[in-house]
Amino acid sequence: MSEKVIMLGNAAIARGAYEAGVKVSAAYPGTPSTEISENLVQYKDALYCEWAPNEKVATEVAIGASISGVRSMACMKHVGLNVASDPLYTVSYMGVNGGLVLVVADDPGLYSSQNEQDTRMVARAAGVPVLEPSDSAEAKEYMKLAFDLSEQFDRPFILRTTTRLAHSQGLVELCERTEMPDKTYEKNIAKNVMMPANAQARHIEIEKRMHELAEAANTLSVNTVEMNDTKIGVITSGIPYQYVKEAMPEASVLKLGMVHPLPKKLIEDFAAKVDTLYIVEELEPVIEEQVRSWGIKAVGKEILTIQGEYSANMLRKAILGETVEVKAAASVPMRPPILCPGCPHRSVYHVLKKLGIHAAGDIGCYTLGAVAPLSVVDSCICMGASISSLHGMEKAKGKDYVKNWVAVIGDSTFLHTGVNSLMNMVYNHGTGTVMILDNSTTGMTGHQDHAATGKTLQGDPTYAIDIPALCRTIGVKNVIEINAFDIAELEKVVKEETAKDEVSVIITKTPCVLLDKSKKPVYIAHADKCKKCGMCMKPGCPAMTKNEDGTIHIDDTMCTGCGLCETLCKFGAIEIVKAGDR
């Protein structure tokens, strides 16, 4: 008898991969996709999973496993697909041996991303079919279907999710794992070696396969018609389906589980049966544009937005003209994004601000150095771009210009794409200071290991990349390691390195405060000694507040004992009073 459990969407995707007989999975952490791999680890006796240094490598690992004849997958967030697009476009021409699925999580609403890119548009350009579930149960089942279809049609597949699906829960029926026999590997240069002549022939083949898939989509079980009142008909998919059903329970709905390629005949038949056809899809008008290109009248983005998440109330207002009164939540103070108490990045930014130095930023916790009161980070583009953009500034404005700048990048991000950027600086006679804020983890996504932590996703000890040695091997002569909280020495080092007419790397080697579970000291501020100068408040530690009389108070429930405030106080008003469990 099967068991039913409540599962997070990401956990359900992992379960679907397990039940589908997947043997190899590779990923780079990226919210909202991270928990997929973290849940796959519980099945490590049945499959292999790893953290790769970036999404391109993860995809290539999965492709290699597929070529060898086993079912494989790679997981990433939407911007990670940009990094993986090189192998994606080419494996689309190649096809598969063992089933191959990329799970890509989009982020409507920008909860943890720098843009709202729509994966369906990338998939269309690459000629890769896409399934999109609308709840946890479908997430599990669509994973299994994706592998079946992948092998049936010789296509890599994308399973598209969104933040709402990834991080919501639903009832899932657990089934047994299907142990898939390995497919025989057969040498096939015409299929697997994408030189121009072979690629030309394969391009014709994939167009044929996609046409076959489009025909099959008309009868595919995941594309379903729910006929009710025919005054309103809605074509939708994924999480927006839930909003449609809540806002317009009596409307007729064509729910698409496969969003590329689209089932043209099914859509034409459905459109002919309803008075007014609406297309409800978050982000870009991918379905809408195709449907209209077939001469079918539909209402879409002219009344709906391409920005952010949808909701049932939004659809009621836009389609039905109803205004729903929503009780305002109790007035609560805004909680601005801020670095954790004791974060080693705070002391780095304090020093940079004191010196009046700008920072070209990168993707990670340290991006929060852009907000007050630190306000040091001037740019944030994409993974690894801090170093490359600093190099661009130097080539545009000269060596003296970048003596007032540094690039800041985390250890995980440095290994993701920063290595190439640093290599480029050295190769092209660059000048500039790169600060690698090494907190020994992938912090922003929840403390995942990477190639320099000495531990794999599956929990096995492994060789830890020596980041200082790597920098020297690339050709950087000036590589300095320093404790982030030694602010006097850090200030001295930053002054010296930014003054040089060559590439320098400063590595602040200080673990994330949340990694250390040991007893930590607690600090207290003595009001009678406080001179109200405000120096200890400048780094913006959330554990520190001002009393009504202007003296300082330290919240001992938040203090992590980093000692930064004590270092900054010149009057002995802050001192350690006890050690406590944290």
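The chain is numbered in sequence order, starting from 1. The model shown is predicted, which means the values in this text are computed figures rather than measured ones.
- The side chain to side chain contact (heavy atoms under 4.5 Å, CB included) check on Ala451 picks up Leu415, Ile465, with sequence neighbours excluded.
- Under the rule for a side chain to side chain contact (heavy atoms under 4.5 Å, CB included), the partners of Lys245 that lie at least two apart in sequence or sit in another chain are Glu226, Asn228, Tyr241, Val253.
- When each of Lys77, Arg160, Gln117 is checked for a side chain to side chain donor-acceptor pair (under 3.5 Å) with Asp106, only Arg160 meets the rule.
- Residues satisfying the ring pair (Phe, Tyr, Trp, His ring centres under 6.0 Å) criterion with His211, sequence neighbours excluded, are absent altogether.
- Partners of Asp229 according to the side chain to side chain donor-acceptor pair (under 3.5 Å) rule, which considers only residues two or more places apart in sequence or in another chain, do not exist here.
- A donor-acceptor pair under 3.5 Å links the side-chain atoms of Thr456 to the main chain of Gln458, judged by distance alone.
- Among Glu281, His260, Glu132, the one residue that satisfies the side chain to side chain donor-acceptor pair (under 3.5 Å) test with Arg120 is Glu281.
- Salt bridge status for Arg202 with Asp154: present, with a side-chain N to carboxylate O gap under 4.0 Å.
- A donor-acceptor contact shorter than 3.5 Å links the side chain of Thr453 to the backbone of His450.
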- Task: Check the pair Arg209, Glu207 against salt bridge (Lys or Arg N to Asp or Glu O under 4.0 Å), reporting the backbone distance first and the verdict last.
- Result: CA-CA 5 Å; Arg209 294 289 187 175; Glu207 293 300 329; over 6 Å; no
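- By the side chain to side chain contact (heavy atoms under 4.5 Å, CB included) test, Glu246 pairs with Ala312, Arg316, sequence neighbours left out.
- Checked by atom type and distance alone, the side chain of Thr413 never pairs as donor or acceptor with a backbone atom of Gly384 at under 3.5 Å.
- Proximity of Tyr310 to Thr305: side-chain heavy atoms (C-beta onward) are separated by under 4.5 Å at one or more points.
- Donor-acceptor pairing under 3.5 Å is recorded for the side chains of Tyr111 and Arg164.
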Side chains of residues 215-222: which donor-acceptor pairs under 3.5 Å do they make with residues two or more places apart or in other chains?
residue	atom	partner	partner atom	Å
Asn218	OD1	Lys265	N	3.1
Asn218	OD1	Leu266	N	3.0
Asn218	ND2	Glu215	O	3.3
Thr219	OG1	Ala216	O	3.3

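- Ser92 contributes no side-chain N or O that, together with a main-chain N or O of Leu88, makes up a donor-acceptor pair within less than 3.5 Å.
- You'll find the side chain of Cys340 reaches within 4.5 Å of the side chain of Leu514, heavy atoms only.
- Sorted by first and then second residue, the pairs that involve residues 286-295 and meet side chain to side chain donor-acceptor pair (under 3.5 Å), not counting sequence neighbours, are Glu288-Arg292, Arg292-Glu302.
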- Task: Test Glu322 against Lys317 for salt bridge (Lys or Arg N to Asp or Glu O under 4.0 Å), laying out the working first.
- Result: CA-CA 5 Å; Glu322 298 176 359; Lys317 183 177 181 180; over 6 Å; no
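- Of the N and O atoms on the side chains of Tyr28 and Thr442, not one donor lies less than 3.5 Å from an acceptor on the other residue.
- Residue His78 forms a side chain to side chain donor-acceptor pair (under 3.5 Å) with just one option from Asp118, Thr119, Asn115, and that option is Asn115.
- Looking at residues two or more places apart in sequence or on another chain, you find a side chain to side chain contact (heavy atoms under 4.5 Å, CB included) between Ser85 and Tyr89.
- Proximity of Lys183 to Val70: side-chain heavy atoms (C-beta onward) are nowhere separated by under 4.5 Å.
- Legend: residues meeting side chain to side chain donor-acceptor pair (under 3.5 Å) with Glu38, ordered by chain and number and at least two apart, are Gln448.
- Neither side chain, Ser112 nor Thr31, offers a donor N or O lying under 3.5 Å from an acceptor on the other.
- With sequence neighbours excluded, no residue forms a ring pair (Phe, Tyr, Trp, His ring centres under 6.0 Å) with Phe157.
- A salt bridge does not link Asp135 with Lys140: every distance from a Lys NZ or Arg NE/NH1/NH2 to an Asp or Glu carboxylate oxygen is 4.0 Å or more.
- The side chain to side chain donor-acceptor pair (under 3.5 Å) check on Gln114 picks up nothing, with sequence neighbours excluded.
- Using modelled atom types, one side-chain atom of Thr34 and one backbone atom of Gly30 make a donor-acceptor pair closer than 3.5 Å.
- Within the structure, every pair that satisfies the ring-ring contact (aromatic ring centres under 6.0 Å, His included) test and touches residues 42-74, not counting sequence neighbours, is listed here: Tyr18-Tyr43.
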